[in-house]
Amino acid sequence: MKTISENALGAKYFLSGVTSAQKDKALTAISHAIRENCGYIIQENAKDIENAQSAGMPGGLVDRLMLNENRVLAMADSVLDIVSLPDPCGRILSENTHKSGIVIKKISVPLGVIGIIYESRPNVTVDAAALCFKSGNAVILRGGKEAIYSNTALADIMRRALKDSGFDENCIQLIKDTSRQSAVELMTLNSCLDCLIPRGGKSLIKSVIENSTVPVIETGSGNCHIYVDEFAQIKMAAEIIFNAKTQRIGVCNACESLVIHSSVIGKALPAIKALLDEKSVEIRGDERAQAACSGIIAAAEDDWGREYLDYIISVKTVDSVEEAIKHINKYSTHHSEAIITENAENAKLFLEKVDSAAVYLNASTRFTDGGEFGMGAEIGISTQKLHARGPMGLEELTTSKYVVTGSGQIRK
């Protein structure tokens, strides 16, 4: 870890003298290298998949881990998307002239060295590395043991591309030791890290928040809700919920919890269930939900706050939009929530009062994603309120400093 730390500091200062054009050239080389090594990446990923299935990993998590040709090429394309974005560093955020004549500029600069602790999503290796690099940050990646073969292949490919482009390959480093000890050491690497970002499940994030001595940007698990209002178009609601729940079940912006108004649950829930049955989704509901539709399993109290990452969803019945908001704010992880309604007043109340990073009207929560929000990719979805909130892209990986220019002024 000492060597990794020293390498990261060296890369941090190396990056301070690099132009935007040079960074974009290196990122383009990384994209091409990922594309050219697609077969090798899939081959290494197959080792992780085999190990995961042997260990009994749930299907939703295996899906998060799995790489195929489309997903590998999508990673390569996401790097090019990041290339196309403006450099977030060097922007003049404010400027004023003091009465003495000195000029005070506030400019955007990299955070420095960023540590990322994440679990079984190999695409994070590429997204995080590319975003950190474009924003002028050195990055130390520490993935989970479930994806070690995939992560190692991707990191090695990116490092070779950097070296071939004349860059310090240590701008991107991967900790290959997946023991708990390596995670603890990274959490306390104050001599090197300027920021630590956990990306994964609730237990990982909780561990980092409680044990890190390095400043942490908290990214959240996703117990995302969709509220079907009494003024909802039922067909629209069913289609949105089907997409939000089943397009990819192992992601943090998938819908895990439904809240349905009592006046429409008798019509809405059977329509929703008819679509969810196509993917064999288990529905766990309260007593009124069970009475409104056959085939609903009784929900327990802990179902309201769960991120399933599986073909399971909960249903809570409410009598007003205010009750829906209260329920969501109590059990939400403050990630993404949606209301389906044609009533402007109820929509306004929901969008204003629900305390989450992203709120939606008549749309799927699956859009909460850096790529979908025009960021090229994302480092994670921040559910905290300091520094960054929601999908974190290039700008969220910068801070600021003041550059003050004078001509001999002294303070009187």
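Side chains are part of it too, since the values below use all heavy atoms of this structure and drop only hydrogens, waters and symmetry mates.
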Donor on one side chain, acceptor on other, [X] and [Y], under 3.5 Å:
{"X": "Glu44", "Y": "Ser150", "result": "no"}
{"X": "Thr333", "Y": "Asn223", "result": "no"}
{"X": "Ser314", "Y": "Asp303", "result": "no"}
{"X": "Arg142", "Y": "Ser182", "result": "yes"}
{"X": "Asn253", "Y": "Thr365", "result": "no"}
{"X": "Ser179", "Y": "Asp177", "result": "yes"}
{"X": "Thr341", "Y": "Tyr227", "result": "no"}

Next on the checklist: Tell me whether the rings of Phe14 and Phe167 are parallel (<30°), tilted (30 to 60°) or perpendicular (>60°).
Outcome noted: perpendicular
Item to check | Side chain Ser135, main chain Leu131, donor-acceptor under 3.5 Å | outcome: yes
Checklist entry - Between Leu61 and Pro58, is any pair of side-chain heavy atoms under 4.5 Å apart? => result yes
Checklist entry - Would you call Tyr118 and Thr125 a side-chain contact if the rule is heavy atoms closer than 4.5 Å? => result yes
Item to check | side-chain contact (heavy atoms from CB on, under 4.5 Å) involving Ala11 - partner list, sequence neighbours excluded | outcome: Ala138, Asp168, Asn170, Cys171
Which pairs would a plain distance check flag for residues 109-116, meaning a side-chain donor or acceptor within less than 3.5 Å of a matching protein atom at least two apart in sequence or in another chain?
none

Next on the checklist: Please report the interatomic distance CD(Glu342) to CZ(Phe231), rounded to the nearest 0.5 Å.
Outcome noted: 11.0 Å
Next on the checklist: Rounded to the nearest 0.5 Å, what separates atom CG in Asp156 from atom OH in Tyr40?
Outcome noted: 6.5 Å
Item to check | Selection residues 394-405 - residue pairs positive for side chain to side chain donor-acceptor pair (under 3.5 Å), sequence neighbours left out | outcome: none
